[in-house]
Each structure stands twice: as C-alpha cells, then as structure tokens.
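In the text below, chain A, chain B and the rest are named by the order of the sequence lines, each starting its count at 1.
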Amino acid sequence: MLLELARRNLERIKVRSILAIVGILIGVMAIGSIGIFGESLKAAVMKNFKDVVNQLNVYPNFQEGYTYIEQRDLRSIEKIELVESVTPIRSDSSLIVYREKKTYATVYALNDDFLKKNFKVEKGDINLKNGCVVGKLLADHLSLKVGSKIYLDNNECRVSAILENTGARFDINPNFAVIVSEDYFEKISNARINLVVVKVKSLENVEEVKSTIEKTINRKDERVVVFELKIIVERISEAFNQINLFLIAIASVSLLVAGVSILNVMLISTIERTKEIGVMRAIGAQRSTVMKIFLMEAMVLGLIGSTIGAILSIFGGILIDYALLKDFSYVFQLSTIFYVFLGILIGVTTSLLSGLYPAWKASKLEPIEALRYE
Amino acid sequence: MREVIVELKKVWKVFKTKYYEIHALRGIDLQIEKGEFLIVMGPSGSGKSTLLHLIGCLDKPTSGEVLIDGISTSKLSDSELTNLRRDKIGFIFQQYNLIPTLTVFENVELPMVLKGVSRDERKKRVSILLEMLGIKDTAQRRPNELSGGQQQRVAIARALANDPKILLCDEPTGNLDSRTGEQIIQKIKELNKKENVTVVLVTHNPSFKVFGDRVIYLRDGQIVDVT
Ligand SMILES: Nc1ncnc2c1ncn2[C@@H]1O[C@H](COP(=O)(O)OP(=O)(O)OP(=O)(O)O)[C@@H](O)[C@H]1O
Ligand SMILES: [Mg+2]
C-alpha cells in the first residue's frame, strides 16, 4: 500500500515526475551507451591480440654479450612439457634486387606452418621449397608480383606468395621482408637463431613456462631474455579500462544533474505535503514510515528512468558502434551488457541518495507543526 | 466503578517564539472518565486545541503530566507516542484532513495498515465502519469528490479504525452547515453510547452542550467553569 501511495503521489505531480525521470534516463543512457562503446572498442582492439597472449619471445641477452640462441638451449625449451610449439627464427638483412630496382630488407628463415598460422596471404600460395614469400610493403616498393624473380645477395629466388599487410607485431615484422626456407637461408647468411617464439598450451601456464626457461638456460649466466606478450596485452586492456572509466565519469555528471533535479522535486513535495505528513503522523505513522514513503518515491523515479535509459542505451550503443566501428556485434557481449546494468545501478543509487535528504527532512517534521501548516 | 482514562496534572504549555512567550495552558488539572462525553468551550485562543493536542500525544506539556490509560506520556519516545496515538486515540479535525491520493476505503484502512492488520481483517472492518456511518457507496471515491459532511464521516470512520479508547474532535462541525453539523454530532454521540468511546469535543456551538456529560470552559489557558 505504501508503494501504491508513493506511485499515486508521483502521479499527482505528473509533469515534475516525468521531468525527473527524463533526467535520470538521459544519465543512465549516457553511462550505458558510452560504456558499451568503450568496451566494444576494447574488444575490437583486443581481438587482434587474441593469438599472441600465450606467446613468449626468447631473445639472446645482448647486454651480456650473447648475440644468438644456441641449439642446445632450443632443445631444452622444446623439452618443456607445457609448451605447444617452439619456432626458432633466424634473420639477417640482405640486398634485394628486382630488375633495375634494389633495396635492403630483412630476410627471415621460417617454416610453412608458422607462416600459415600467423600471416594471411594476399596472392599466391605459401610453399617455401619452391619459392620465397614477400611482405606487402616490400612487394609494393619493388612492384613485385607472384612469379617475379628476385635476387638476394645474388642468389636467385621466385616469389611464390605475397602476404597481407600485418598490423604491429611483437615478434617479427614481415611487411618489409623476404621469408625463405631454412635451407635457402643457409646459402645467403650464416646468422644464427636470434629469436625463439614459444607458444604455451594454456594461458595459466605462461608464467610457469617463462620461469622454467629462465631457470634452465640462465642457470649460470643470463644468456637469454624472456619476454611475455601477455603483459603487453594486459597493459593495453588496462589502458582501455582507464579510458572507459574516465568516459563513464564524464557521463555520470549528467546523472549528478538528474540527481539534483530529483532532490528538487522531492523537496518541493515535502513542503507541499507538510500537512499530509502531519495527518499521517497523527494517525500513527512512524517517522520511519514517512521516510519510507519518500524513499519509495525516489526509487520509483529512479527505477523507471533507469530502466528506460538502459533500454535506450542498448540502442545508443548499437548506433555508436555501428557509426564508429562498423560492427555492433560487440554490444551483445556479457562484458558490454555489464555497463547497462552499471548504468541502472548508478541511476537507482543516485535517485535514492537524492531522495535521502528530503525523506529525512519529511520524517523529522514535528506532527503538531506539520498539522498546523497551511 | 468509575475509571479515569485521561488525567492532566498541573499542565502548563508555553510556546516560545523569537519575540514573545505565549502561555497557552496555565496549570490545567483535569480527569476524564472512561465513556465520558466531554465538551470543551471557550473563546478563540483560549487553548482548546492545545489541550486536545496534549491529550492526543501530538505534543508534550512544558511542565506537568499527562496520563493516558494510566501511562505517563512524558517519558515515552516519539515512536512509543506514535504507537499510542495509533492504537488508543482517534482524531477528527475541522478540515477533515483526509489523504487526497487515497480513496475513501483506503483512507479508513490506513491506520490499520500502519498497525499491521491483515488485509482480510482490514477489509471487514472498513466495510463495517462505512456501513455504520452510512457512506458505503462512496468507498471507491476520492475525498475531493465528496461533500463536507461525507468527508467528515470518512474522517470519523478513519478515527475509529483501530477501535480507539479516546476520540478527540477539534471543531468537527466548524466547516459544515448546521443541519449536517447536527447529524455529525449525533453520530459521535451514538458511537459514544454504543461503543463506550470516550469523547472530547471542542466546539463553539452552545447548542451542542446538551450532548455532553460535562462541559468545561477555558479562558486564557485556565479552566474557569465546569457544568
Ligand atoms: N505552535 C505554536 N506556536 C506559537 N503559538 C502557538 C502555537 N500553538 C498555539 N499557539 C498559541 O497558543 C494559544 C492557544 O492556541 P489554541 O490553538 O489552543 O487556541 P484555540 O482555543 O484552539 O483557538 P481557536 O478557537 O481559534 O481554535 C494561542 O494564542 C495561539 O496563538
Ligand atoms: Mg483551535
């Protein structure tokens, strides 16, 4: 009955109630849709890092004078049980000549498997036995096509595939490089392994594998440096969370305004209804009951505003995502929908907090003073 | 045996404002018996309403003691006083003071809601009360859709909801024409006789004196005459 009474009291001042609801609605919508967009942006960016979170890069420790990784160290990494795959990478730089054009570029020795797993082919097929693979930028620079015959330090080689432009990576950068087979690499360079890419079977074991590698290889001397890609990914994710938090804080300002408007509406109500409060107290309503009625009114305002705002924020999120990311599938992820509920929570909390002071004020009215009020 | 239900001992009430002090009641000694119909008369400003508010536990005396049903009210907390009002006292005001957002039915039901009476029991009691006051067909209407006389009947029904021992009426006919006023007083008298409710009625109308078992006259906060 008290809830019903609260509802009717709000209905009695319909226009004011609706304005207060609109205020809350806008605030919740701002928080919700900005939260959704921030989370979508993060998800879109993080998608690119999905494949590298379980990766460890093992480099020779240049600071201690080690310039390559020894075969026996490679063997001991391969022996670690939790490791999924180990790819030694050798690279050198070499003069590349195609017709009358020439340039220096990196040459990597890799295997077909690693290439296929990590990079997308734009033209041709990966088959290092029958020819080399070139990165997009180098191909453009030298106007290479599949089948072009290039020279690497005077060694002839046919382009069997051109890779798509890859984004920033943390291990090798094939955009301006030629990738050849191990055997071919032997012919043009005597460079040794300068990077071992280790993929760990499951994400939880990344730290364990890292310390195992360090313990076994660096027992006497700091021969290698192990670099955890998970850390970078975590940092980026963290940065996005901070940006999101900041955006939501800004959006919350609009809720603050809404809170003040609820405070205002309810303070007017307590004054208008002073006599009524006196009557209620005279016929046996406790202070706490009066307080409850006013808090319920604040809560009803908050719940209605927040619910409508939350629904609109989903549409808002879809709209912003579509406009800026051209993809609104992220809206329906659990981590994204979380922000809708966060919006509701902040909206209702704000309303309740704004209702607290008027409710307290109403409950503190002396019954006799309230009754005498005209 | 005669049972005293309200007792006032040397009650003073002083209102202090910024500029002056008003001695609204000056040492009132009064005993009201159970089932009595007491009429309070006196000029405007003589302290009649103040007296009623003290008996009704809406206010506390500046000095002296008010005992309701043997309980001294001076030591009770706000919450205990509220429960006392809810359970033992019914108020009827000159301006009816119904809750405008509630229907007639709900207005009468409200004191029982505050007491925690079950829904079924509330429903039963409300229809008995509405029947008793002859306003059964107004149950679903709002106060502003009723005549003054009807509103005052609703107020009486509400005052009786929790079966109080004392009914306090502050000029209940003040806003009504003389015929309707007479009917209201008749109704109150009838309740007083049938239900043995103690009634304290403040009025300016001398023709109502016949309804009272006793009439007291107030002037400047003192009882100056009893008949
Ligand atoms: N809350 C208050 N603050 C200050 N003065 C008050 C207060 N309540 C009552 N008074 C004063 O106390 C005196 C008695 O008031 P009270 O309302 O009891 O008179 P009354 O006999 O009921 O008068 P009326 O017949 O006009 O209703 C008056 O002088 C009034 O101004
Ligand atoms: Mg008066």
Check: Quick one: which residues of residues 20-28 of chain B reach chain A at under 4.5 angstrom, heavy atoms only?
Finding: none
Next item on the list: Can you establish whether the number of heavy atoms outside A:F240 located under 6.0 Å from its atom CZ is more than 12?
Entry: yes
Check: What option among A:P367, A:G284, A:G278 has the most heavy-atom pairs under 4.5 Å with chain B?
Finding: A:G284
Note to self: Quick check for you: to the nearest 0.5 Å, what is the distance between B:L114 atom CG and A:L2 atom CG?
What the structure shows: 7.0 Å
Please tabulate, one pair per line, the N or O donor-acceptor pairs under 3.5 Å between chain B and chain A.
| from | atom 1 | to | atom 2 | distance (Å) |
| --- | --- | --- | --- | --- |
| B:D78 | OD1 | A:R281 | NH2 | 3.0 |
| B:D78 | OD1 | A:R287 | NH2 | 3.4 |
| B:D78 | OD2 | A:R281 | NH2 | 2.9 |
| B:D78 | OD2 | A:R287 | NE | 3.4 |
| B:S79 | O | A:Q286 | NE2 | 3.1 |
| B:S79 | OG | A:Q286 | OE1 | 3.4 |
| B:S79 | OG | A:Q286 | NE2 | 3.4 |
| B:T82 | OG1 | A:R281 | NH1 | 3.2 |
| B:N83 | OD1 | A:Q286 | NE2 | 2.8 |
| B:R85 | NE | A:R281 | O | 3.0 |
| B:R85 | NH2 | A:R281 | O | 3.0 |
| B:T101 | O | A:R8 | NH1 | 3.0 |
| B:E106 | OE1 | A:R8 | NH1 | 2.5 |
| B:E106 | OE1 | A:R8 | NH2 | 3.4 |
| B:E106 | OE2 | A:R8 | NH1 | 3.4 |
| B:E106 | OE2 | A:R8 | NH2 | 2.7 |

Notebook entry, point to check: Measuring heavy-atom distances to chain B, does A:L371 have an atom under 4.5 Å in its side chain, in its backbone, in both, or in neither?
Noted result: side chain
